[in-house]
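Any value given below was found using the heavy atoms of this structure, including those in side chains, with hydrogens, waters and symmetry copies removed. Chain identifiers are assigned alphabetically (A, B, ...) following the order of the sequence lines, protein sequences preceding nucleic acid strands; residue numbering begins at 1 within each chain. Everything numeric here is computed off the predicted structure, so don't read it as measured data.
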2 protein chains.
Amino acid sequence: MDATSAIELDSILHQPVRTRIAAFLVARGEATFSDLKKEMQVTDGNLDAHLKKLVAAGYVKTNKQTGQGRPQTTYRLTRPGQSAFENYLEALKRLLSLRF
Amino acid sequence: MDATSAIELDSILHQPVRTRIAAFLVARGEATFSDLKKEMQVTDGNLDAHLKKLVAAGYVKTNKQTGQGRPQTTYRLTRPGQSAFENYLEALKRLLSLRF
DNA sequence: TAATGTTACTCTGCATTACAGAGTAGATCA
DNA sequence: TGATCTACTCTGTAATGCAGAGTAACATTA
């Protein structure tokens with residue numbers, strides 16, 4: 001058993017679009033669908049699918065607002081989502097800077 | 001346009017099993033199927049599929065030896081594979097603002 | 001030395017994931 | 001008030017991920 005064997009990379013977070021969404025939300029705190037779409041440069045359907053996956057994992061929460069003006073949903077990381085992201089970073093650091 | 005928008009994460013490398021394979025090969029230089037299997041703890045079929053994908057991308061090359069004893073294949077990163085990995089690390093660092 | 005096991009893969013099929021584009025509901029605009 | 005736009009959502013398809021069965025070559029044990 002050597003140093004890398006135990007290192008698992010969270011498969012929810014370790015995916016191109018979702019890693020970027022998570023990093024963006026960590027940096028921004030919260031964002032709208034449009035913010036994310038502009039930033040990620042993906043199609044609507046694709047963004048929706050990734051967001052749904054993050055929500056299903058309990059990593060992201062939504063807040064839909066209606067009433068005043070156009071309805072708008074904001075997305076932000078949950079506490080578990082933040083921890084998962086931190087753990088993910090730790091795993092990456094350990095995995096990628098290792099000397100065998 | 002902010003700091004993260006341009007950052008793309010190589011989808012060949014940004015996948016749990018393949019990131020670990022690449023990191024392992026970078027550190028080890030070369031490895032056999034069994035080395036990788038032991039290290040990654042995945043099924044044979046799954047490992048084979050990931051290896052094939054890395055080979056198809058031109059990131060990994062194989063060297064099959066027959067004749068003396070049991071035939072054995074060794075896997076190692078190609079030069080383009082090494083560059084791709086370095087670029088991938090750079091992208092991750094910029095995206096995640098990591099200090100390694 | 002025949003039978004049994006082991007290693008080192010490869011192949012196949014199914015389940016899950018990723019993605020694009022069409023669809024929809026509620027504003028806002030001319 | 002009809003057209004447009006924004007902010008999503010839904011659906012179908014292509015691509016990916018994965019497990020387990022299959023195979024060929026050698027090693028071991030009876």
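- Axis angle, first five pairs versus last five pairs of the helix from dT1(C)-dA30(D) to dA30(C)-dT1(D): 0°, rounded to 10°.
- The shortest side-chain heavy-atom distance between V17(B) and L9(A) does not fall under the 4.5 Å cut-off.
- Under the salt bridge (charged side-chain N to carboxylate O under 4.0 Å, His left out) criterion, D44(B) pairs with K37(B), not counting sequence neighbours.
- Applying the salt bridge (charged side-chain N to carboxylate O under 4.0 Å, His left out) rule to D48(B) yields the partners K52(B); only residues at least two apart in sequence or on another chain are considered.
- Rounded to whole angstrom, the span from the CD atom of Q65(B) across to the P atom of dA24(D) amounts to 22 Å.
- Between the CG atom of L47(A) and the P atom of dC19(C) there is a distance of 11 Å, given to the nearest Å.
- Residues forming a side chain to side chain contact (heavy atoms under 4.5 Å, CB included) with N87(A) (at least two apart in sequence, or on another chain): none.
- At the heavy-atom level, T73(A) lies under 4.0 Å from the strands shown only through sugar-phosphate atoms.
- Residues satisfying the side chain to side chain contact (heavy atoms under 4.5 Å, CB included) test with T78(A), not counting sequence neighbours, are K61(A), P80(A).
- Minimum heavy-atom separation, L77(B) to A22(B): CD1-O, 4.1 Å.
- Atom CG of L51(B) is separated from atom C1' of dC9(C) by 10 Å (rounded to the nearest Å).
- Look at CG on D48(A): it is 16 Å from P on dG12(D), rounded to the nearest Å.
- Residues passing the ring-ring contact (aromatic ring centres under 6.0 Å, His included) test with Y75(A): none are found, sequence neighbours excluded.
- For A57(B), the side chain to side chain contact (heavy atoms under 4.5 Å, CB included) partners two or more places apart in sequence, or in a different chain, are I12(B), Y59(B).
- The OH atom of Y75(A) sits 8 Å away from the C1' atom of dA7(D) (whole-angstrom rounding).
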Q | Per-nucleotide protein contact string for nucleotides 13-18 of chain D (B base, S sugar-phosphate only, - none; heavy atom under 4.0 Å) | A | ---SSB
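- What separates CG of D44(A) from C1' of dT24(C) is a distance of 13 Å, to the nearest Å.
- Between K52(A) and dC19(C), a side-chain N or O to OP1/OP2 separation shorter than 4.0 Å is absent.
- Listed by chain and residue number, K93(B) satisfy the salt bridge (charged side-chain N to carboxylate O under 4.0 Å, His left out) test with E90(B) (two or more places apart in sequence, or in another chain).
- Between S34(B) and the phosphate of dT7(C), there is no side-chain N or O to OP1/OP2 separation shorter than 4.0 Å.
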